[in-house]
Amino acid sequence: LTEIAAALEATALAQFLKGSHWVYPLVNAGHLLGIALLIGAVVPLDLTLAGVLRRVDPAKVTALLRPFVIVGLVLATGFGSLLFITQASDYVRNPMFLSKMGFFAVAALNAALHWRITSANPVAGRLSAIFSLLLWPLILLLGRLVGYSFG
Ligand code: HEM
């Protein structure tokens with residue numbers, strides 16, 4: 001893993017991003033835009049799927065918000081990976097970053113399986129929505145803390 005991280009960090013793209021005074025902040029802003037879209041859509045969607053917001057039709061809310069969740073995920077993952085390669089060998093040793101990635105994998109899997117869980121067991125489906133509602137803000141918090149965690 002350490003070798004892969006070092007190789008990623010040595011790529012021309014990583015070196016370019018690291019040395020650039022304006023592309024890196026733009027990539028960072030792209031990451032934040034993805035996060036804003038993702039969390040902004042996930043919160044009302046999960047509140048509906050958890051049964052907290054009852055005056056709306058869950059199928060309609062899902063149809064409306066799912067594309068925002070997907071675009072947010074694509075932007076956050078794409079730009080996040082670019083941020084990652086600039087300092088990959090530090091991030092792969094950073095517990096805060098590693099827990100962020102672990103929870104991210106769990107949250108993404110939970111989102112991908114949500115409808116299967118719901119059709120098998122509606123109560124488990126609601127629990128999956130509540131779980132999601134806790135996981136995404138936790139990932140956001142861990143992401144913000146990464147920057148403070150280098151000693
Ligand atoms: C594969 C997916 C992702 C990767 C590889 C990734 C990677 C990164 C990296 C390398 C940083 C810079 C850390 C630093 O040195 O300060 C970062 C920042 C951050 N990430 Fe992610 N990230 C991903 C997904 C997410 C998601 C889904 C969220 C939120 C739910 C998130 C929230 C944050 C936050 C809040 C920051 C701090 C931004 C700032 O302070 O400007 N990340 N991410």
Side-chain angles (χ1 to χ4, degrees), residues 1-53 58 61-118 124-151:
L1 198 65
T2 337
E3 286 97 66
I4 299 172
L8 282 173
E9 216 174 311
T11 57
L13 179 60
Q15 292 302 315
F16 165 74
L17 287 170
K18 219 172 177 172
S20 163
H21 286 294
W22 57 274
V23 183
Y24 185 86
L26 282 180
V27 170
N28 203 5
H31 192 53
L32 290 174
L33 177 66
I35 294 160
L37 282 174
L38 174 68
I39 302 268
V42 145
V43 171
L45 178 59
D46 283 342
L47 286 173
T48 307
L49 297 175
V52 177
L53 299 179
V61 174
T62 304
L64 176 71
L65 295 180
R66 188 155 54 183
F68 290 90
V69 173
I70 293 170
V71 172
L73 265 177
V74 169
L75 292 179
T77 312
F79 287 116
S81 307
L82 291 176
L83 295 175
F84 172 77
I85 62 169
T86 62
Q87 235 179 302
S89 12
D90 291 327
Y91 291 132
V92 293
R93 278 187 272 118
N94 184 309
M96 212 70 88
F97 179 81
L98 294 174
S99 29
K100 173 184 161 179
M101 286 300 102
F103 285 118
F104 176 73
V106 175
L109 191 69
N110 179 55
L113 294 179
H114 180 81
W115 284 109
R116 235 175 281 178
I117 297 171
T118 306
R126 283 184 175 202
L127 288 176
S128 137
I130 294 168
F131 189 45
S132 170
L133 209 46
L134 298 172
L135 277 173
W136 290 112
L138 172 67
I139 296 160
L140 180 115
L141 179 67
L142 289 170
R144 192 64 192 94
L145 290 177
V146 172
Y148 294 101
S149 64
F150 291 109

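Read the numbers this way: they start at 1 and go in the same order the structure lists the ligands and their atoms. Since the structure is predicted, the reported quantities are computational estimates derived from the model, not experimental observations.
- Among all protein heavy atoms, the one lying closest to atom 26 (C) of ligand 1 is Ile139 CG2, 3.9 Å.
- Of the protein's non-hydrogen atoms, the one nearest atom 24 (C) of ligand 1 is His31 CE1, 3.5 Å.
- Distance from atom 9 (C) of ligand 1 to its nearest protein heavy atom, with residue and atom name: Leu83 CB, 3.8 Å.
- Nearest protein heavy-atom contact of atom 7 (C) of ligand 1 is Gly80 O, 3.4 Å.
- Not a single donor-acceptor pair under 3.5 Å links the side chain of His31 to the backbone N or O of Phe79.
- The shortest N or O to N or O distance between Thr77 and ligand 1 is not under 3.5 Å.
- Pairing each heavy atom of Leu65 with each of Ala41, the nearest pair is CD1-O, 3.6 Å.
- The number of heavy atoms from other shown groups lying within 6.0 Å of OH (Tyr24) is above 12.
- Of all non-hydrogen atoms in Phe68 and Leu64, the two that sit nearest each other are CD1-O, 3.3 Å.
- Ligand 1 lies nowhere less than 4.0 angstrom from a heavy atom belonging to Phe79.
- Residue Lys100 holds the heavy atom nearest to atom 31 (C) of ligand 1 of all those in Met101, Lys100, Arg144.
- The environment of CZ in Phe84 is crowded: more than 12 heavy-atom neighbours from other residues, nucleotides or ligands sit within 6.0 Å.
- Looking at atom 37 (C) of ligand 1, its nearest protein heavy atom turns out to be Gly143 O, 3.6 Å.
- Remark: side-chain polar atoms of Ser128 are not paired, donor with acceptor, to backbone N or O of Ala124 under 3.5 angstrom.
- The nearest heavy-atom contact from the protein to atom 38 (C) of ligand 1 is Leu32 CD2, 3.9 Å.
- Residue Leu73 does not touch ligand 1, judged by heavy-atom distances below 4.0 Å.
- Here Ile35 has side-chain heavy atoms under 4.0 Å from ligand 1, and that is the only part of it that gets that close.
- For ligand 1, one of its N or O atoms has an N or O atom of Tyr91 under 3.5 Å away.
- Of all protein heavy atoms, the one closest to atom 35 (C) of ligand 1 is Leu140 O, 3.4 Å.
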